[in-house]
Amino acid sequence: MDGPPENDCCAVCHGSFNIPCQANCSHWFCGGCIMLVWHHGSALQPCKCPLCRREITLLVPSEASLRQRHENDAEEVLGKIERYNRYFAGRTLGLFQTSRPSFLFTEVVTRTNGSSAISPPCHKGTYLHCNGNERCLRTQSG
């Protein structure tokens, strides 16, 4: 689809689309409106779709928006969207995670034979690391 449905409007401003962008959840927004939603929350996290509450990890401007790029307002908004996509597209690591020192994500583990190893965080997120039989050690009391 080249742009938003003709009878649709932006869910943020409830007006006609200005620099329409489609989110990875398939909802459409004005480029400037969805950037305001992001700036209203944490700049370190992707914003959530105002309609379905899914994390928006990718914003795709319509072809018509890209043709407006030479206009000052459109150039600024499209630049912000490009920056947003660089931070959150793919979502393997967010902005906060890539800017934090790597030692915050690891723990030095001393093995029973006296050697040391670096242990990455557990796949479950709330634990620091797993031993070989998938039992995890808690990082917080609980």
Side-chain angles (χ1 to χ4, degrees), residues 1-112 115-142:
M1 181 183 288
D2 179 38
E6 288 183 33
N7 59 348
D8 204 359
C9 66
C10 174
V12 178
C13 70
H14 303 287
S16 299
F17 290 101
N18 183 22
I19 311 170
C21 295
Q22 187 175 31
N24 55 292
C25 61
S26 78
H27 292 119
W28 287 88
F29 306 98
C30 297
C33 290
I34 199 64
M35 289 293 92
L36 286 174
V37 169
W38 177 45
H39 288 295
H40 181 71
S42 171
L44 302 176
Q45 298 289 326
C47 64
K48 294 191 184 222
C49 174
L51 295 172
C52 68
R53 305 305 298 156
R54 285 182 55 197
E55 255 187 10
I56 295 176
T57 56
L58 183 65
L59 291 167
V60 181
S62 69
E63 289 182 28
S65 296
L66 295 175
R67 287 192 295 268
Q68 298 173 354
R69 187 167 192 82
H70 64 279
E71 298 173 17
N72 286 340
D73 291 341
E75 183 177 4
E76 182 182 344
V77 170
L78 290 171
K80 289 178 181 179
I81 290 168
E82 286 175 11
R83 187 177 76 217
Y84 183 93
N85 287 336
R86 277 195 310 271
Y87 291 157
F88 304 117
R91 199 64 179 124
T92 53
L93 290 177
L95 173 65
F96 182 66
Q97 291 173 326
T98 57
S99 66
R100 286 173 53 177
S102 61
F103 66 84
L104 295 176
F105 291 101
T106 59
E107 176 190 28
V108 176
V109 177
T110 305
R111 296 183 182 135
T112 55
S115 65
S116 295
I118 302 289
S119 174
C122 173
H123 61 281
K124 295 180 183 175
T126 58
Y127 300 93
L128 193 56
H129 69 279
C130 290
N131 62 17
N133 58 4
E134 294 298 311
R135 288 190 0 195
C136 299
L137 301 175
R138 290 185 179 270
T139 59
Q140 57 194 29
S141 59

Where [X] and [Y] come nearest, the two heavy atoms and their spacing:
{"X": "Cys30", "Y": "Cys13", "value": "SG-SG, 3.8 Å"}
{"X": "Cys47", "Y": "Val37", "value": "CB-CG1, 4.1 Å"}
{"X": "Pro46", "Y": "Glu55", "value": "CG-CD, 3.6 Å"}
{"X": "Ser62", "Y": "Gly3", "value": "CB-CA, 4.1 Å"}
{"X": "Ile19", "Y": "Ala74", "value": "CD1-CA, 3.4 Å"}
{"X": "Phe29", "Y": "Val12", "value": "CD2-CG2, 4.0 Å"}

Report summary line: Residues passing the side-chain hydrogen bond (donor to acceptor under 3.5 Å, both in side chains) test with Glu75, sequence neighbours excluded, are none

Query raised in the report: For Arg67, which residues count as a side-chain hydrogen bond (donor to acceptor under 3.5 Å, both in side chains) partner, sequence neighbours excluded?
Result: none

Query raised in the report: If you count the non-hydrogen atoms of other residues, nucleotides and ligands that lie under 6.0 Å from CG in Asp8, is the total more than 12?
Result: yes

Query raised in the report: Please, which pairs that meet salt bridge (Lys or Arg N to Asp or Glu O under 4.0 Å) have at least one residue in residues 77-88, sequence neighbours excluded?
Result: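 Those involving residues 77-88 are Arg69-Glu82, Glu76-Lys80.
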
Evaluate the side-chain proximity of [Y] to [X]: yes if any heavy-atom separation is below 4.5 Å, no if none is.
{"X": "Leu59", "Y": "Met35", "answer": "yes"}
{"X": "Cys33", "Y": "Asn18", "answer": "no"}
{"X": "Ser65", "Y": "Phe17", "answer": "no"}

Query - Set of residues satisfying side-chain contact (heavy atoms from CB on, under 4.5 Å) with respect to Asn24, sequence neighbours excluded - result: Arg54, Ile56, Thr57, Leu58

Report task. Just jot down the side-chain contact (heavy atoms from CB on, under 4.5 Å) partners of Leu51, sequence neighbours excluded, or say none. Result ->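 With sequence neighbours excluded, Leu51 shows a side-chain contact (heavy atoms from CB on, under 4.5 Å) to Ala11, His27, Cys49, given in chain and number order.
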
Query - Contacts of type ring pair (Phe, Tyr, Trp, His ring centres under 6.0 Å), residue Tyr84, not counting sequence neighbours - result: Trp38, Phe88

Query raised in the report: What distance separates Cys21 SG from Ile34 CD1, expressed to the nearest 0.5 Å?
Result: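 Here the interatomic distance stands at 9.0 Å.
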
